[in-house]
Structures are given as C-alpha cells and as structure tokens.
Amino acid sequence: MSVEGFKERLQEVIHQLRIDDQDFAKAGGISKATLSGYFGSDRQPKQETIANWIVKYNIDANWLMLGEGDMFRGNEIVLNLSLPNITKKLMDVEKSMDKAAQLAKLEAMKAVIEGEIEAEKNQQPIGDDDRVANG
C-alpha cells in the first residue's frame, strides 16, 4: 500500500480525536515507536492495525486510505471522546430508548422550551406603543 498523503491523514485523525500518540498506537495494537515510524518513513501499517483504528474510532476507510469522503463515518465520535463519562453513559441510555420513550422526551423538551419562551415574553418591559394601546 503506497497511498499518497496517508501519514498526514493519520496525523490529522489523531489531532481531531484529541488523543495522544500512545493511546492511538495502543488502539491499533502497536507501540508508540512503531506509530512514530509511520510518520518518519514510508512504512505503512498492517491491515489489521488499520482495521483496529477504523473500528475503534469510526474512521471512514475511504478517507483514511484514499483521502475521499469524510474523516469519520459520523461526527458523533469526535464529540463523544471529549464528553464526561456520565454524559456518555446517558447518551448510551438514550440510544437504547424505544420510539415511545424518545417521543415522550421530545414532548418534555418542547414543554420546557415553550415555558422559557412564555417566561421571556412576560419579562419584556412595556413600550410606549403598548401603553397607548392599553389605555
């Protein structure tokens, strides 16, 4: 495999994930020294290593190998890595909710938003035009 720009894309992925080289190397099943070797030479990772990264970080294989498409199969992974563990757990619970529970949650959110809008309307000062109209 001699794909133009591969090592630059690999470095970009690490940067976007906001992880250190050691953690990225470990996820690929290699040492940090081996990873560094990819950046400083024309050496390429084994398919197994690349597959580990693709699965672990939801990296789009076409982007990593060819530079085509989006870096990630979904943008959720970048956001998810920087969230507190409790938030990640809550997101997992939310994903497992059935449709009825999701709709109930949306209805509750709608009620909160509507309540905020009403509260904001009630806090607006009365202008001169309003005073004239109201007598």
Identify whether Ile59 and Leu66 are in the same connected component of the hydrophobic contact network (ILVMFWY, side-chain heavy atoms under 4.5 Å).
yes
Within this structure, what is the [atom1]-[atom2] distance for the pair [X] and [Y], rounded to the nearest 0.5 Å?
X: Lys26; Y: Asp20; atom1: NZ; atom2: CG; value: 10.5 Å
X: Lys110; Y: Leu103; atom1: NZ; atom2: CG; value: 11.5 Å
X: Arg18; Y: Gln16; atom1: CZ; atom2: CD; value: 7.0 Å
X: Asn62; Y: Glu68; atom1: CG; atom2: CD; value: 6.0 Å

Are the side chains of [Y] and [X] in contact, using a 4.5 Å heavy-atom criterion?
X: Thr49; Y: Lys46; value: yes
X: Met65; Y: Phe6; value: yes
X: Lys7; Y: Asp42; value: yes

For residues [X] and [Y], report the shortest heavy-atom separation together with the two atoms involved.
X: Ile54; Y: Ala61; value: CD1-CB, 3.6 Å
X: Ala27; Y: Asn52; value: O-CB, 3.3 Å
X: Arg73; Y: Asn58; value: NE-OD1, 2.6 Å

Show me the donor-acceptor pairs within less than 3.5 Å that the side chains of residues 33-41 make with the rest of the protein, sequence neighbours left out.
| unit_1 | atom_1 | unit_2 | atom_2 | d |
| --- | --- | --- | --- | --- |
| Thr34 | OG1 | Ser31 | OG | 2.9 |
| Ser36 | OG | Lys32 | O | 3.1 |
| Ser41 | OG | Gly37 | O | 2.6 |
| Ser41 | OG | Arg43 | N | 3.1 |

May I ask you to decide if Phe72's main-chain N or O and Asp70's side chain share a donor-acceptor pair within less than 3.5 Å?
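Not a single qualifying donor-acceptor pair exists.
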Please answer whether the main-chain N or O of Ile19 pairs with a side-chain N or O of Asp23 as donor and acceptor at a distance below 3.5 Å.
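Side chain of Asp23 to backbone of Ile19, a donor-acceptor pair under 3.5 Å: no, none is there.
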Evaluate the criterion side-chain contact (heavy atoms from CB on, under 4.5 Å) for residue pair Glu12 and Trp63; output intermediate values, then yes/no.
CA-CA 11 Å; Glu12 189 175 344; Trp63 179 84; 4.0 Å; yes
Could you walk me through whether Met71 and Asp60 satisfy the side-chain contact (heavy atoms from CB on, under 4.5 Å) test, starting with their C-alpha distance in whole Å, then the side-chain angles of each, then the deciding distance to 0.1 Å, before giving a yes or no?
CA-CA 6 Å; Met71 183 183 300; Asp60 185 280; over 6 Å; no
So which pairs with a foot in residues 8-32 pass ring-ring contact (aromatic ring centres under 6.0 Å, His included), sequence neighbours left out?
Phe24-Trp53, Phe24-Tyr57
